[in-house]
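Since the structure comes first, as structure tokens, the remarks are kept for the end.
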Amino acid sequence: MQHQANFQAAQAYRQAAVAVPPLRAVVMMIDGAITALQKSVTASDEKKFEESHDLMIRATAILRGLSHNLNFDRGGEVAEGLHTTYHTLIMACLRSFGQPNAAQCYGRIIASLTELRDAWIVVARSAAKPA
């Protein structure tokens, strides 16, 4: 099942990258991870624990897809930093699930993802400006 989730995450990233500019695809994928975590918290509050788990796994699969599509040759230290960031966020999601303070943990993860998404928006806007 984990292999299938990795495959689906990578496929989703590739499909988004073909349909929209790559930087916009990254923003969309991070938005997807944020939405999945928000829905996971809601499902947990409603005692829908299996749905909450599935949504958390979806968020981590998206982050894994982003991580697996980093270009370390072109990205250098930035790619290494993003890889570390994605991995840290994935692990935080997994460790937080089922904990009494999961909603607060997910809130911090969502805040980090929002900050990362906003940074990618700035990069995308800069790249779109004519030189």
Side-chain angles (χ1 to χ4, degrees):
M1 183 170 149
Q2 191 66 25
H3 176 70
Q4 181 67 17
N6 288 342
F7 176 76
Q8 288 174 338
Q11 282 297 102
Y13 176 82
R14 284 187 204 101
Q15 288 172 348
V18 171
V20 297
L23 294 175
R24 178 72 184 127
V26 171
V27 170
M28 291 170 61
M29 299 302 288
I30 294 173
D31 276 339
I34 291 168
T35 300
L37 286 176
Q38 290 168 332
K39 288 180 178 181
S40 177
V41 170
T42 300
S44 183
D45 289 345
E46 295 170 355
K47 308 292 188 228
K48 298 177 183 175
F49 300 115
E50 187 171 337
E51 180 181 337
S52 177
H53 182 262
D54 290 346
L55 288 159
M56 182 272 299
I57 292 299
R58 181 181 301 161
T60 61
I62 291 168
L63 295 174
R64 222 175 2 269
L66 288 167
S67 179
H68 288 299
N69 283 284
L70 291 170
N71 184 330
F72 292 94
D73 293 331
R74 288 185 61 206
E77 289 182 28
V78 172
E80 289 289 340
L82 285 169
H83 181 267
T84 300
T85 298
Y86 293 141
H87 178 75
T88 300
L89 292 168
I90 290 166
M91 295 307 296
C93 287
L94 295 171
R95 278 192 306 268
S96 299
F97 183 78
Q99 299 298 316
N101 64 341
Q104 291 83 8
C105 293
Y106 285 167
R108 288 191 296 274
I109 295 165
I110 290 167
S112 295
L113 287 169
T114 301
E115 187 176 326
L116 184 61
R117 183 214 42 217
D118 292 348
W120 277 115
I121 290 171
V122 170
V123 170
R125 286 183 185 148
S126 296
K129 289 182 183 175

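Just so you know, these numbers come straight off a predicted model, no measurement behind them. In this chain, numbering begins with 1 at the start of the sequence shown. Worth knowing before you read on, the calculation uses all heavy atoms, side chains too, and leaves out hydrogens, waters and symmetry mates.
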Review item, side-chain donor-acceptor pairs of residues 28-35, under 3.5 Å, at least two apart:
from: D31; atom 1: OD1; to: R117; atom 2: NH1; distance (Å): 2.8
from: T35; atom 1: OG1; to: D31; atom 2: O; distance (Å): 3.0

Subject >> L37 and L113: CA distance, side-chain angles, deciding distance, side-chain contact (heavy atoms from CB on, under 4.5 Å) verdict >> reply: CA-CA 10 Å; L37 286 176; L113 287 169; 3.9 Å; yes
Original post:
Any donor-acceptor pair under 3.5 Å linking the side chain of N101 with the backbone of Q104?
Top reply: no
Original post:
Would T60 and I57 count as a side-chain contact (heavy atoms from CB on, under 4.5 Å) if you check the C-alpha gap in whole Å, the side-chain angles of each, and the deciding distance to 0.1 Å?
Top reply: CA-CA 5 Å; T60 61; I57 292 299; 4.3 Å; yes
Subject >> Residue pairs passing the ring-ring contact (aromatic ring centres under 6.0 Å, His included) test where at least one lies in residues 19-44, sequence neighbours excluded >> reply: none
Original post:
When hydrophobic residues are tied together by side-chain contacts of less than 4.5 Å, even through go-betweens, does I62 share a cluster with L116?
Top reply: yes
Can you give me every donor-acceptor pair (side chain of residues 76-99, partner residue at least two apart or in another chain, under 3.5 Å) with its distance?
from: T84; atom 1: OG1; to: E80; atom 2: O; distance (Å): 3.1
from: T85; atom 1: OG1; to: G81; atom 2: O; distance (Å): 2.9
from: T88; atom 1: OG1; to: T84; atom 2: O; distance (Å): 2.8
from: S96; atom 1: OG; to: A92; atom 2: O; distance (Å): 2.6

Original post:
If you look only at pairs with a residue in residues 37-48, which of them pass as a side chain to side chain donor-acceptor pair (under 3.5 Å), with sequence neighbours excluded?
Top reply: S40-S52, E46-K48
